[in-house]
2 protein chains.
Amino acid sequence: MAAPSTTLNRVIPFQVGVEIVVFSIDITADNLQVLLGETGCGRWQLPGAEIQAAESLEQAADRVLRQTLRVDNLYLEQLYTFGGPGRDSRETPYQRYLAVSYVALVRLQTTTLLQEHRTVTWHPVQALPPLVGDHRQIVAYGYRRLRNKLEYSPVAFDILPEEFTLNELYQVYTLVLGPQFSDYSNFRTRLLKLGFLVDTGHKICRGAGRPATLYRFDREAFQPYQNQPLVFV
Amino acid sequence: MAAPSTTLNRVIPFQVGVEIVVFSIDITADNLQVLLGETGCGRWQLPGAEIQAAESLEQAADRVLRQTLRVDNLYLEQLYTFGGPGRDSRETPYQRYLAVSYVALVRLQTTTLLQEHRTVTWHPVQALPPLVGDHRQIVAYGYRRLRNKLEYSPVAFDILPEEFTLNELYQVYTLVLGPQFSDYSNFRTRLLKLGFLVDTGHKICRGAGRPATLYRFDREAFQPYQNQPLVFV
DNA sequence: ACAAAAGTGTTTTTTATACACCCATGC
DNA sequence: GCATGGGTGTATAAAAAACACTTTTGT
């Protein structure tokens, strides 16, 4: 237990940062994108920063997000921590680097990109440019988590406006899970039967066609489903 | 972006450690327990250690586990990273502490406790002693993760022996998920229909009663279900 | 009137649930 | 031969999946 301290088993300090996989949903354009910053050498990277003295990990993630993006509603969750030796080029024998990654989901319509020093832009998930280090793997991991979360948790309501149509809700699901996840009419029936979507009585017109009913998410009525698997799908 | 470095926004080094929630399943005694070490002041803590210079996070977790336990098969997965300011009493204005937590699952029958300096023992999940800091919350989080993982992933086969009976498999599920999760006969039918449990032809006698068939988990036949939700339950 | 978008209903298939019952072994 | 644990089958209920159809709006 109290073995002599060699170069191998000694304890070394870490520099800790956060890295965020920000997904944006564009309901109208049917587009799921990831936020990436240019490194200058032809490769791209996830937005990130080192943790500052007084902030929590989640606060750091939120700060990074708000330094690049103006956004109203968002979903943010810790994803995974990467800290193996050799994962950061700045590493020395006396200093290692650790990244706590986060996934976020926003609606493109409610966000504005804040242009900073580096170029930060949206990239379609299906056609990512070359990424630095293990960032491609982090995106893949975040994408998987997002799909799971959407199925089992009410994350869609975190990014939708207070009042929304069932079609908008359906769009969120099809965009992330693919259109084959469910037929609209069945999705509709299932969700309404669960009873946590309340009809506000308001209607909204989108060009031609019958006006859509606006619904509201009732968190209290959702409680019974909180810890149950497979509420949506 | 390049704001002056004050006491608040400066970057500080972290001491990084792992903490493990080790669950043990005792099939015969119908008992789910957590491994805890005594601190000396009446409170208990999760097994943990600082990351050493050359090891990865998972290697550190594995090392901690094997310093306390001799174990054959186990399931080990990263859980969550806790790193907010004020979570460790050793914290100073120039140094913060971060814990990457892991969950593990073992079978009590295949483990031997290695008695070290501190007293480390098993405690029933339903009756935990007072824990230090946020450790109770970490256990709760690990328990939730374990239940979810068991339902969606083939973790049970990581801890069962190469050949096992359907009853042993059922015990693993009932122990973690509670006996109301499914009736044995339905569990049986459902799992066999999925086709990734192969009959080895071997039989085993457990005292009185008809001898049980020994099955083997076929990872290849499981592939199609890999990324699909709700395979078990 | 007709296309477009919203919303309802029906039929078929699959899966879940609750059991009752048969089989092989030890004592 | 009967208790014990192992294993099969069936009947019913519920849910998922597919898809036809109606309703309300703009043009």
Side-chain angles (χ1 to χ4, degrees), chain A residues 27-30 150-152 160-161 163-175 177-216 224-225 228-233, chain B residues 27-30 150-152 160-161 163-175 177-216 224-225 228-233:
Chain A
I27 293 183
T28 51
D30 217 62
L150 202 68
E151 290 186 276
Y152 305 134
L160 284 173
E163 300 193 352
F164 51 86
T165 70
L166 279 174
N167 223 305
E168 289 169 332
L169 183 62
Y170 181 66
Q171 295 299 329
V172 173
Y173 279 85
T174 29
L175 247 165
L177 302 174
Q180 72 290 354
F181 93 97
S182 172
D183 149 304
Y184 173 61
S185 111
N186 291 329
F187 173 83
R188 205 176 155 39
T189 317
R190 203 170 342 103
L191 250 74
L192 287 177
K193 201 166 73 179
L194 291 169
F196 49 73
L197 294 184
V198 297
D199 187 333
T200 60
H202 305 159
K203 302 274 177 191
I204 194 164
C205 288
R206 302 234 189 278
R210 180 171 169 177
T213 307
L214 284 167
Y215 289 87
R216 193 171 50 72
Y225 302 99
Q228 255 175 252
L230 267 207
V231 177
F232 313 97
V233 171
Chain B
I27 293 183
T28 52
D30 218 62
L150 203 68
E151 289 187 277
Y152 306 135
L160 284 174
E163 301 193 350
F164 51 86
T165 71
L166 279 174
N167 223 304
E168 289 169 332
L169 183 61
Y170 181 65
Q171 295 300 328
V172 173
Y173 279 84
T174 31
L175 247 165
L177 303 174
Q180 72 290 352
F181 94 97
S182 172
D183 150 304
Y184 173 62
S185 110
N186 292 329
F187 172 82
R188 202 174 159 41
T189 318
R190 205 172 337 105
L191 250 75
L192 286 178
K193 202 167 72 179
L194 291 169
F196 49 73
L197 295 184
V198 298
D199 188 333
T200 60
H202 305 160
K203 303 274 177 191
I204 194 165
C205 286
R206 301 232 189 280
R210 180 173 172 176
T213 307
L214 285 167
Y215 290 87
R216 194 171 49 73
Y225 302 99
Q228 254 175 251
L230 267 207
V231 177
F232 313 97
V233 172

Phosphate OP1/OP2 of C:dT8 contacted by A:S185 side-chain N/O (<4.0 Å): no

Between B:T213 and D:dG7, does any side-chain N or O lie under 4.0 Å from OP1 or OP2? yes

Give the minimum heavy-atom separation between B:T213 and B:K203, together with the two atoms involved. OG1-NZ, 3.0 Å

What one should report as the nearest heavy-atom pair of B:L191 and B:L169 is CD2-CD2, 3.3 Å

Under 3.5 Å, is there a donor-acceptor pair between the side chain of B:Y225 and the main chain of B:L194? yes

With no hydrogens and no angle check, is any side-chain donor or acceptor of A:Y170 less than 3.5 Å from a backbone partner on A:T165? no

Tabulate atom names and distances for all N/O pairs under 3.5 angstrom spanning the protein and nucleotides 21-27 of chain D.
residue: D:dT23; atom: O2; partner: A:R210; partner atom: NH1; Å: 2.9
residue: D:dT24; atom: O2; partner: A:R210; partner atom: N; Å: 3.1
residue: D:dT25; atom: O2; partner: A:G209; partner atom: N; Å: 3.2

To the side chain of B:A212, which of D:dC19, D:dG6, D:dG9 is closest? D:dG6

Proximity to the side chain of B:R188 - top-ranked nucleotide from D:dG7, C:dA6, D:dA20: D:dG7

Could you check if a side-chain atom of A:I27 sits within less than 4.5 angstrom of a side-chain atom of A:N167, using non-hydrogen atoms only? no

Where at least one partner belongs to residues 191-202 of chain B, residue pairs that pass side chain to side chain donor-acceptor pair (under 3.5 Å), sequence neighbours excluded: B:E163-B:H202

Ignoring hydrogens and geometry beyond distance, is the side chain of A:N186 in donor-acceptor contact with the base of D:dA18 at under 3.5 Å? yes

[X] [atom1] - [N] [atom2] separation (whole Å):
{"X": "A:N167", "N": "C:dG7", "atom1": "CG", "atom2": "P", "result": "8 Å"}
{"X": "A:F187", "N": "D:dC19", "atom1": "CZ", "atom2": "P", "result": "20 Å"}
{"X": "B:R206", "N": "C:dC23", "atom1": "CZ", "atom2": "P", "result": "23 Å"}

Hey, mind stepping through B:I204 and B:F164 against side chain to side chain contact (heavy atoms under 4.5 Å, CB included) and telling me if it holds? CA-CA 9 Å; B:I204 194 165; B:F164 51 86; over 6 Å; no

Parallel, tilted or perpendicular, judged at 30° and 60°: which one describes the rings of B:F187 and B:F181? perpendicular

Check each residue of residues 193-202 of chain A for a non-hydrogen atom within less than 4.0 Å of any atom in DNA chain C, then write out the ones that pass by number, or none. none

Side chain to side chain contact (heavy atoms under 4.5 Å, CB included) for B:L192 and B:Y215? Distances and angles first, verdict last. CA-CA 10 Å; B:L192 286 178; B:Y215 290 87; 3.6 Å; yes

